[in-house]
Amino acid sequence: MSRDVTRTCGSCTACCDGWLQIEVRGHKVRKGQPCPFSIAHRCSIYPERPQHPCREFVCGWLVASSPLPDWMRPDQSSMIMLAANFFWRGLPVDVVVPVGEQPKKKALDWLTRFCAENRRLLVYQIGDEWFAFGPPMFQTDIASRLARGETPWGD
Ligand code: SF4
Ligand code: SF4
């Protein structure tokens, strides 16, 4: 599904606010530790923001081909989607990182329905715990990776 209107971030700064673990010009951005250049819901160095990670970041809501509805803007749905972040047996796996403690229920319900209808797989985080949505074998594989101390994508 594509959209006619190009989206803009508006007042969302979810990807700069510490929900993604990134490093910006030597500053570690973590939960409770937003990017120091994010000021009053704006990037204060936007024209000079670094290539990595800022310009390279692909937001699953902002990207032109996003299937996510308008109301799922990350700051409003409490989730950032990293679309097709990795593949499992040839199927794309979307990764959802919460903005806050957990994604809003309405957003997660929408996304799991979308993934089921489109044969996409999903891993999402609530608090510090990862959950897998997909067939039992996928869930078992992800649980094994987590039990080995790996990330869901196998790092
Ligand atoms: S999370 Fe997406 S919509 Fe929000 S500021 Fe980042 S790129 Fe923009
Ligand atoms: S430098 Fe700007 S775009 Fe990059 S994380 Fe910080 S506030 Fe966001």
Side-chain angles (χ1 to χ4, degrees), residues 1-88 91-134 142 146 150-155:
M1 199 190 311
S2 62
R3 291 172 286 107
D4 296 334
V5 182
T6 305
R7 282 178 175 159
T8 57
C9 299
S11 58
C12 180
T13 48
C15 58
C16 313
D17 290 345
W19 308 113
L20 301 177
Q21 291 196 12
I22 52 177
E23 190 164 324
V24 181
R25 293 192 179 167
H27 299 276
K28 284 192 191 319
V29 177
R30 300 282 182 275
K31 219 183 261 187
Q33 212 173 303
C35 174
F37 304 112
S38 174
I39 295 168
H41 289 288
R42 293 186 73 86
C43 173
S44 58
I45 58 162
Y46 193 75
E48 302 90 38
R49 70 196 187 287
Q51 178 68 21
H52 179 80
C54 307
R55 291 174 197 265
E56 285 169 7
F57 175 61
V58 180
C59 169
W61 179 85
L62 189 64
V63 72
S65 58
S66 177
L68 301 184
D70 287 345
W71 60 265
M72 279 177 70
R73 196 176 81 176
D75 61 331
Q76 292 164 351
S77 58
S78 299
M79 50 154 269
I80 301 171
M81 186 174 87
L82 314 170
N85 194 261
F86 66 100
F87 285 81
W88 179 84
L91 294 174
V93 184
D94 300 324
V95 174
V96 160
V97 177
V99 173
E101 186 59 19
Q102 62 183 72
K104 289 209 171 124
K105 184 180 179 310
K106 183 183 171 192
L108 205 49
D109 286 348
W110 188 95
L111 197 55
T112 49
R113 217 171 29 247
F114 173 79
C115 286
E117 287 168 5
N118 292 279
R119 283 177 48 80
R120 295 180 79 91
L121 305 172
L122 176 70
V123 292
Y124 60 95
Q125 208 178 18
I126 293 183
D128 290 327
E129 208 173 333
W130 285 103
F131 296 85
F133 177 83
I142 297 299
L146 295 171
E150 299 171 6
T151 61
W153 42 97
D155 287 349

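Count residues from 1 along the sequence. For ligands, and for the atoms within them, numbers begin at 1 and follow the listed sequence.
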- Message: For W130 and W153, take the angle between the two ring planes, folded into 0 to 90°, and tell me which bin it lands in: parallel under 30, tilted 30 to 60, perpendicular over 60.
- Response: perpendicular
- Message: Can you report which non-hydrogen protein atom sits closest to atom 8 (Fe) of ligand 2, along with the distance?
- Response: C16 SG, 2.3 Å
- Query: Counting only heavy atoms, which portion of T13 has something under 4.0 Å from ligand 1: side chain, backbone, both, or neither?
  - Reply: backbone
- Between atom CG of D94 and atom CZ of F86, what is the distance when rounded to the nearest 0.5 Å? 9.5 Å
- Task: Measure the spacing between CD of Q125 and CD1 of I80 and express it to the nearest 0.5 Å.
- Result: 11.0 Å
- Which heavy atom of S11 sits nearest a heavy atom of R73, and at what distance? OG-NH2, 3.0 Å
- All heavy atoms of D75 vs all of A14, minimum pair found to be N-CB, 4.4 Å
- Closest approach of C16 and V29, non-hydrogen atoms and distance? O-CG1, 4.1 Å
- Query: Just heavy atoms, cut-off under 4.0 Å: does I45 contact ligand 2 by side chain, backbone, both, or neither?
  - Reply: side chain
- Note on the structure: When rounded to the nearest 0.5 Å, the distance separating SG of C12 from CZ of R7 is 11.5 Å
- Could you give the distance from NZ (K28) to CD (Q21), rounded to the nearest 0.5 Å? 9.5 Å
- Report the distance from atom CG of L68 to atom CG of L62, rounding to the nearest 0.5 Å. 11.0 Å
- Note on the structure: One finds that the ligand 2 atoms under 4.0 Å from a non-hydrogen atom of C35 are 1 (S), 5 (S), 6 (Fe), 7 (S)
- Note on the structure: Honestly, for S38 the part within reach of ligand 2 (heavy atoms, under 4.0 Å) is both
- Note on the structure: Checked atom 2 (Fe) of ligand 1: protein N, O or S atoms closer than 2.8 Å come out as C59 SG
- Item | Ligand-side contact atoms (ligand 2) for residue partner V24, heavy atom cut-off under 4.0 Å | 1 (S), 5 (S)
- If you scan protein heavy atoms around atom 2 (Fe) of ligand 2, the nearest is C43 SG, 2.3 Å
- Item | Numbered atoms of ligand 2 (with element) below 4.0 Å of C54, judged on heavy atoms | 1 (S), 3 (S), 4 (Fe), 5 (S)
- Message: If I take atom CD1 from residue I142 and atom CG from residue L122, how far apart are they, to the nearest 0.5 angstrom?
- Response: 10.5 Å
